[in-house]
Amino acid sequence: MLAFIKSAPGNVSLESMMTEIRKLAAVRSIELPSGLFADVAPKVLAAWRARAAVEAPSHMRTHPRELTVLLLAALVYEREREITDTLVELLIATVHRIKARADSKVTKELINAFKRVTGKENILFKVADAALGHPDDSVRAVIFPAVSGGEQTLRDLVHEFKTKGPAYRTTVQTTLRASYTNHYRRGLIALLDTLEFKSNNTAYQPVIKALELIRRYAKAGNTTYYPRGEVVPEHRGTAGSWEDLVFKNDKRGRRRVVRMVYEIVTFQALRDALRCKEIWVVGAHSFCDPEEDLPEDFAARRAENYAELRKPLDPKDFIAELKAEMRTELETLNTALPKLDWAEIKDRKSGAIMLTKIGPAEEPRNLRKIKNEVSRRWGSVPLIDMLKEAVLRTGCLNAVTSVAGSSSLKPEVLAERLMLAIHGYGTNTGIRAVASGGHAHSEDDIRYVRRRYLTPQIAQDIAIAIANATFIARDVELWGEGTTTVASDSTHVRAYDQNIFTEWHSRYGGRGILIYWHIERGSMVVHSQTLRASASEVHAMVEGAVRHGTTMKVEGNYVDSHGQSEIGFGVTRLLGFDLLPRIKQINKVKLYRVESGESDLYPRLTPAMTRPIRWDLIEQNYDQMIKYATAIKQGTASTEAILRRFTESASHPTYQAVLEVGRAQKTIFVARYLRLRELQREIQEGLNVVETSNGANSVIFYGKGGDIATNRREELEMTVLCLRILQAALVYINTLMLQDVLTDPEWAKLLKPADRRGLTPLFWQHVQPYGEVRLDVAKRLPLGDGAGAERD
């Protein structure tokens with residue numbers, strides 16, 4: 001039973017859903033008192049849960065009874081919330097899959113049979129002429145010969161009509177209904193008996209009542225319609241394209257509700273509401289009551305919360321500041337536009353704004369010589385030696401302790417086994433591969449240390465420690481003052497799909513996950529996250545910028561088009577850092593007006609201008625916006641859970657207000673972006689750092705062809721975090737190597753302005769990631785005294 005409770009969920013399927021339902025029933029059967037851990041800090045509870053998760057039953061029995069009960073209760077309490085979240089995710093994914101597979105099946109069938117018929121008007125004329133000329137003769141004798149291609153052409157014409165418009169939609173809906181009724185219905189109905197759905201929004205109460213109705217008639221057999229006299233709630237899912245299928249006239253001409261179709265549209269409406277948390281689930285963590293995501297003491301600490309975000313208490317002051325910035329940037333762009341040879345705004349069908357590409361920068365000519373000198377001095381350096389040197393110089397493993405409490409391992413033995421585990425995960429070669437190398441540690445020894453010591457939180461702390469040590473070790477004269485901007489982007493990594501986290505990605509054409517990186521201008525990774533392939537990158541951008549954990553202060557974030565949106569602009573404005581995107585379809589972007597009645601104020605920008613900002617919405621919801629921003633800043637819930645309410649399908653008033661703030665901020669940014677060529681180049685160079693980082697990852701993460709060969713989410717996260725540690729170690733050691741080389745005046749003289757601009761510690765031609773892993777702590781790299789060397 002304990003192993004069953006601990007087990008990870010499988011992929012999106014009916015079998016996985018039924019297994020998780022049984023698992024939740026097993027957890028609930030223990031009947032923990034409600035509010036058992038209400039006064040325990042989340043980090044403490046997570047530590048107890050992690051300890052219980054790694055201990056075998058035999059170890060558990062050796063503890064005092066009180067400790068055993070405490071650890072098991074913490075595990076069961078946390079697993080109940082995690083399994084509930086898993087079931088909600090399975091519900092969302094299953095309803096989507098039913099629709100997607102119906103679309104795919106019907107589309108494939110229709111495409112295979114589809115043949116577009118040309119010259120329909122001529123065919124119609126010939127058919128009409130033949131019919132009128134010989135009205136008494138048979139169709140086969142008169143109509144078919146009149147058309148080029150005969151009977152087959154007319155068949156193709158009829159088929160083309162049926163595969164377009166309402167006929168196509170009806171076919172998809174019929175296929176979807178069959179898929180739901182014959183297979184998925186059993187699991188979704190079981191979920192209604194397992195999960196308790198609630199909503200704080202009266203607009204979604206009809207969906208809640210519809211779920212109750214479905215539950216009552218779940219075992220009504222083959223009944224086609226709900227009984228007459230039964231109150232059937234109408235909700236947003238019953239309207240639109242499904243209305244004709246939900247409501248049918250029976251043999252007596254009475255309007256009735258088709259039961260199976262009603263169930264389908266209700267589950268679709270439930271999915272949409274769950275995704276934006278308009279409907280939430282009792283006992284869940286990510287899908288809990290959205291009010292629980294917000295800080296409880298916000299009202300009592302209102303002034304402090306506003307001060308922490310550096311926002312005025314009066315919404316009028318906030319609005320006045322936004323208006324002043326908008327007016328300044330729009331006026332400056334309007335004045336400068338005639339002199340800008342790279343930007344033009346005029347009426348075009350393709351979009352008003354035209355921006356030419358940035359020309360290539362001056363090529364750094366001496367960086368290759370400097371990198372070759374690094375290779376000459378240190379030769380081919382094994383990746384394990386770079387990790388070892390970073391660990392010994394930064395002391396990043398000193399604070400690692402056992403998840404399960406006390407430990408009898410010597411610190412030096414623990415450090416070596418941790419390094420081997422990190423290398424095995426980070427290169428994707430696995431622990432078995434590194435265990436066969438030149439050292440005294442067996443595979444079982446390394447796996448034991450991985451299980452009891454190397455948690456995701458510990459791995460993240462190690463990466464943060466190396467990043468902070470790099471910031472301290474940097475020579476200011478060579479690298480400049482510490483940066484305050486990061487670049488963030490996602491990388492697709494193929495992964496096994498026998499879990500609910502791995503998804504198909506349409507852009508990359510394969511199953512896998514996304515790794516979302518935050519990398520500062522000096523090429524150091526400050527944050528990493530694992531995302532679903534379908535996840536929005538906006539919440540990941542905000543999460544990394546706010547909670548990266550390093551000593552760096554983030555004031556700006558470069559992103560590609562996928563990492564920005566109007567909501568993103570609004571949230572980052574509230575949080576106090578700049579969103580700096582590269583907008584690919586900038587020709588489609590609109591600039592918002594400050595006030596109505598100012599249509600002639602910026603004549604050169606008129607083709608790109610649109611409606612004024614709705615300042616009344618911002619003023620009415622200002623306090624609530626700050627409350628949400630405070631929740632993100634303080635981490636009362638994950639950024640993803642909080643921003644889940646801010647989706648296009650939501651009608652939340654705070655969402656509308658944040659959207660207006662985002663439109664104002666995006667207008668400010670776009671006006672500045674069009675005007676400043678330096679800003680365009682700065683963003684381009686920042687994003688190039690991420691591309692270079694991806695190149696380094698492809699060298700480091702070479703095992704198993706770059707596929708993550710695990711079906712457990714924690715293992716996925718650990719693999720990504722260890723990859724981040726290895727890259728951080730590479731950048732740290734390369735920084736010290738470059739500084740050693742460039743302390744020589746002869747080499748320093750080679751650095752021209754273009755070389756300084758392109759200088760980066762993220763290079764790897766001198767790195768040896770492959771081959772047997774030989775770990776010898778006594779053998780050190782000959783490097784100058786870097787910061788942290790005294791911690792050896």
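Computed from heavy atoms alone, side chains included, the values below leave out hydrogens, waters and symmetry copies.
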- Query: Can we say Glu329 and Arg675 salt-bridge, meaning some charged N sits less than 4.0 Å from an Asp/Glu carboxylate O?
  - Reply: yes
- Any donor-acceptor N or O pair under 3.5 Å, side chains Asn621, Gln656: no
- Item | Cationic tip of Arg644 above Phe287 ring, under 6.0 Å, 45° of axis | yes
- Message: How about CZ on Arg611, more than 12 heavy atoms from neighbouring residues, nucleotides or ligands closer than 6.0 Å, or not?
- Response: yes
- Can you list the steps and then say if Tyr655 with Tyr628 is a ring pair (Phe, Tyr, Trp, His ring centres under 6.0 Å)? CA-CA 10 Å; Tyr655 163 76; Tyr628 276 96; over 10 Å; no
- Message: Donor-acceptor pair, distance only, cut-off 3.5 Å: does the side chain of Asn201 make one with the backbone of Glu278?
- Response: no
- Please confirm whether the backbone N or O of Ile632 pairs with a side-chain atom of Thr636, one donor and one acceptor, at under 3.5 Å? no
- Query: Is any side-chain N of the basic residue among Arg532 and Glu640 closer than 4.0 Å to the acidic one's carboxylate O?
  - Reply: no
- Query: So Glu595 and Lys323, salt bridge (charged side-chain N to carboxylate O under 4.0 Å, His left out) or not? Walk me through it.
  - Reply: CA-CA 9 Å; Glu595 301 279 9; Lys323 283 183 177 181; 2.5 Å; yes
- Query: Is the shortest side-chain N to carboxylate O distance from Arg301 to Glu308 below 4.0 Å?
  - Reply: no
- Item | Residue among Glu321, Glu660, Glu566 satisfying salt bridge (charged side-chain N to carboxylate O under 4.0 Å, His left out) with Arg573 | Glu321
- Message: For Glu685 and Tyr558, which I'm curious about, is there any donor-acceptor pair between the side chains at under 3.5 Å?
- Response: no
- Task: Check the pair Lys277 / Asp293 against salt bridge (charged side-chain N to carboxylate O under 4.0 Å, His left out), numbers first and verdict last.
- Result: CA-CA 11 Å; Lys277 296 190 79 167; Asp293 294 336; 2.6 Å; yes
- Quiz item: cation-pi between Arg582 and Tyr673, 6.0 Å / 45°: no
- Task: Using only heavy-atom distances, determine whether the side chains of Arg681 and Gln684 contain a donor-acceptor pair under 3.5 Å.
- Result: no
- Query: Between Ser286 (side chain) and Asp85 (backbone), is there a donor-acceptor pair under 3.5 Å?
  - Reply: no
